[in-house]
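Pasting a structure below so you can have a look.
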2 protein chains.
Amino acid sequence: MRNVTLAATQMACNWDIEDNIARAEALVRDAAGQGAQIVLLQELFATPYFCQDQSPDFFVHAHSFADNPLIARFARLAAELGVVLPVSYFERAGKAFFNSVAIVDADGAVLGNYRKSHIPDGPGYTEKFYFSPGDTGFRAWKTRFATIGVGICWDQWFPESARAMALKGAELLFYPTAIGTEPQDAGIESTGHWQRAMQGSAAANVMPLVASNRVGTEPGLKGTHLTFYGSSFITDPTGDIVRAADRRSEGVLVASFDLDALEAQRQAWGVFRDRRPELYAPLMTMDGQA
Amino acid sequence: MRNVTLAATQMACNWDIEDNIARAEALVRDAAGQGAQIVLLQELFATPYFCQDQSPDFFVHAHSFADNPLIARFARLAAELGVVLPVSYFERAGKAFFNSVAIVDADGAVLGNYRKSHIPDGPGYTEKFYFSPGDTGFRAWKTRFATIGVGICWDQWFPESARAMALKGAELLFYPTAIGTEPQDAGIESTGHWQRAMQGSAAANVMPLVASNRVGTEPGLKGTHLTFYGSSFITDPTGDIVRAADRRSEGVLVASFDLDALEAQRQAWGVFRDRRPELYAPLMTMDGQA
């Protein structure tokens with residue numbers, strides 16, 4: 001048995017950055033207190049979701065991967081608590097900017113950086129104004145407790161991301177997220193769609209998946225608002241949601257899995273035996289014309 | 001508006017082949033009577049699921065694609081009723097055998113043949129004894145009512161299949177299926193896992209998906225039994241199951257969609273805008289070492 005305990009967290013954010021960070025730290029301490037060894041914080045938790053608007057004023061919140069007070073602070077916290085922490089942050093890299101996550105191991109070592117590959121763009125979610133599409137590719141990170149894959153929000157809608165991380169050795173999938181209402185159409189309620197896209201990735205790769213999403217209503221610059229729907233969750237390896245948060249509360253979800261049992265289940269189910277890469281050339285194109 | 005009405009069917013099979021075929025035909029007539037324009041029959045509906053055992057006696061049930069009484073009969077039926085019919089059958093091709101589906105358009109024209117790409121193998125499902133892995137690759141078929149993608153059973157567990165068909169132009173996904181109990185372990189109940197893998201493909205590709213599965217208990221040659229769990233379903237483009245059959249009944253499910261509205265929804269959601277094929281090289285490998 002190789003048991004591991006995972007946590008999803010969920011919180012609201014405001015423009016008191018130090019307050020956001022302190023509350024995120026409190027959630028990590030809460031999760032660790034409940035036995036969690038890998039704790040997922042939500043996407044860009046240090047600030048409101050500034051991509052609601054296109055404003056040059058928000059670039060000031062970006063920091064480099066190498067010299068980054070937020071990562072350093074959570075690395076100290078990871079070492080103190082002995083937990084693995086993917087830390088989502090706004091990255092400045094020379095003249096480019098990315099939506100990134102630093103992977104911090106349970107001894108506080110920063111294992112590396114992942115830059116969000118798939119960048120959304122639409123009313124209220126104008127990320128293409130801020131972030132270049134990531135150039136790191138999908139990674140699997142060998143941490144103290146498990147080899148993990150970490151995508152970021154919109155990545156979760158692309159089965160390619162989950163599969164690439166699984167093929168590279170991930171045993172568990174993590175997606176920090178910021179998603180809620182669609183300001184242009186109050187009739188769009190994407191919670192179920194969002195969950196099912198990820199449940200499918202858990203099911204197809206036969207591994208648990210953890211999603212952390214923010215809650216609360218955040219005002220934009222031009223009279224708009226986004227209400228984030230929380231609903232953070234943890235699935236089992238069949239994609240069944242075994243822990244779920246509600247749409248408004250801050251808090252922590254915790255679930256445990258036996259990684260050896262998961263590996264045996266994956267092997268017996270056979271999906272990684274029967275793949276046919278020689279037939280997948282269409283996936284390497286935008287229009288299927290392979 | 002470009003409305004289309006889809007049907008899933010579900011039935012039990014026995015060794016009276018003519019009886020199976022007659023009942024399949026009756027289900028197609030029932031579906032057409034309810035307005036269905038594209039009707040999905042389940043996998044290998046002409047016979048019991050003989051892959052429960054490895055026996056050379058079953059190869060006699062294979063027929064060529066070109067000279068095939070089953071396809072010819074359902075092509076006549078398709079023309080009579082004006083419905084599109086994917087017809088699952090056991091294919092003999094020279095010295096090789098495949099698990100195939102012939103795509104019959106609503107005028108009875110046979111548009112082509114798809115050979116199941118992913119071949120399962122395990123207790124009760126020993127398909128690798130019978131079928132070579134398909135060599136046709138994934139296709140999208142321009143029929144009278146919609147451009148459709150058709151995978152076969154185990155293909156449904158591979159997000160690569162659904163994505164490839166979607167990229168090639170599919171607007172709807174269809175999966176004839178034969179799945180039920182696992183004779184080596186009565187504790188494995190895969191219905192939810194099976195559904196979620198496909199719901200994820202519907203959600204990720206923002207298109208409806210239809211699955212038809214058999215029902216009934218079929219005895220094997222050595223005292224084993226398989227009980228097929230039915231649970232055929234139709235999803236909407238968010239992967240939500242909008243029509244579902246139970247685990248035992250024979251019958252038909254029908255649902256309608258507006259293909260123009262689906263196309264508009266897909267475009268606005270942006271997943272086919274934001275793919276990153278240059279990062280998907282790991283998918284072209286078995287072990288992620290791209």
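As a basis for the values below, the full set of heavy atoms in this structure was taken, side chains included, without hydrogen atoms, waters or symmetry mates. Only a predicted model underlies this, so the values are computations on that prediction, with no experimental measurement involved.
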Exercise. Verify side chain to side chain contact (heavy atoms under 4.5 Å, CB included) between A/Arg163 and B/Phe158, making sure each step is shown before the conclusion.
Key: CA-CA 9 Å; A/Arg163 186 66 108 196; B/Phe158 297 80; 3.6 Å; yes
Self-check item: Contact leader toward chain A among B/Ser190, B/Gly239, B/Gly169, B/Ala197, where contacts are heavy-atom pairs under 4.5 Å
Solution: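 If we count pairs closer than 4.5 Å to chain A, B/Gly239 comes out on top.
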Quiz item: Is chain B contacted by the side chain of A/Asp287, its backbone, both, or neither, given a heavy-atom distance below 4.5 Å?
Solution: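 Contact with chain B: backbone only.
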Practice problem: Return yes if some donor-acceptor pair links the side-chain N/O of B/Arg196 with the main-chain N/O of A/Arg196 below 3.5 Å, else return no. | Solution: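 Judged by distance alone, no pair lies under 3.5 Å.
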Quiz item: Counting only N and O atoms by type, is there a donor-acceptor contact under 3.5 Å from the side chain of B/Arg276 to the main-chain atoms of A/His118?
Solution: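 The answer is no, because no donor-acceptor pair under 3.5 Å joins these two groups.
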Quiz prompt | Contact origin within A/Glu278 toward chain B - heavy atom pairs under 4.5 Å | solution =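 When you check distances to chain B, no heavy atom of A/Glu278 falls under 4.5 Å.
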Quiz item: Which region of B/Gln156, side chain (C-beta onward) or backbone (N, CA, C, O), has a non-hydrogen atom less than 4.5 Å from a non-hydrogen atom of chain A, or is it both or neither?
Solution: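 No part of it gets close to chain A.
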Exercise. Please report the shortest heavy-atom distance between A/Pro282 and B/Leu167, naming the atom on each side.
Key: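 The answer is O-CD1, 3.4 Å.
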Quiz item: Any residues in residues 200-213 of chain A near chain B, with a heavy-atom distance under 4.5 Å, and which are they?
Solution: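 Residues A/Gly200, A/Ala203, A/Ala204, A/Val206 are the ones that qualify, each having a heavy atom under 4.5 Å from chain B.
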Quiz prompt | Choice from B/Glu160, B/Lys168, B/Met284, B/Gln199 maximising heavy atom contacts with chain A below 4.5 Å | solution =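 Most heavy-atom pairs under 4.5 Å with chain A: B/Glu160.
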Exercise. Please assess A/Arg275 against B/Met286 for the test side chain to side chain contact (heavy atoms under 4.5 Å, CB included), listing each intermediate value before the final yes or no.
Key: CA-CA 7 Å; A/Arg275 292 179 68 254; B/Met286 289 298 283; 4.0 Å; yes
Quiz prompt | Heavy-atom pair count under 4.5 Å with chain A, highest-scoring of B/Gly192, B/Ala140, B/Gly134, B/Ala162 | solution =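 Among the listed options, the one with the most contacts to chain A is B/Gly134.
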Quiz item: So which of B/Pro120, B/Pro237, B/Ser161, B/Pro133 has the biggest tally of heavy-atom pairs under 4.5 Å with chain A?
Solution: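 Of the candidates given, the most pairs with chain A belong to B/Pro133.
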Quiz prompt | Part of residues 265-274 of chain A lying next to chain B, heavy-atom separation under 4.5 Å | solution =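 Contacts with chain B: A/Trp269, A/Gly270, A/Val271, A/Phe272, A/Arg273, A/Asp274.
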Exercise. Mind running side chain to side chain contact (heavy atoms under 4.5 Å, CB included) on A/Phe138 and B/Tyr280 for me, showing each step along the way?
Key: CA-CA 9 Å; A/Phe138 309 103; B/Tyr280 300 159; 4.0 Å; yes
Exercise. Name the region of A/Thr136, side chain, backbone, both or neither, that has any atom closer than 4.5 Å to a heavy atom of chain B.
Key: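 For A/Thr136, no heavy atom lies under 4.5 Å from chain B.
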Quiz prompt | Proximal component of A/Leu283, with respect to chain B [non-hydrogen, under 4.5 Å] | solution =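 A/Leu283 touches chain B through backbone and side-chain heavy atoms alike.
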Quiz prompt | Close side-chain approach of B/Thr285 to A/Pro277, heavy-atom, < 4.5 Å | solution =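 B/Thr285 vs A/Pro277: side chains apart.
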Quiz item: Quick one: CD1 on A/Ile188 to OG1 on B/Thr238, what's the gap to the nearest 0.5 Å?
Solution: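 These two atoms lie 12.0 Å from each other.
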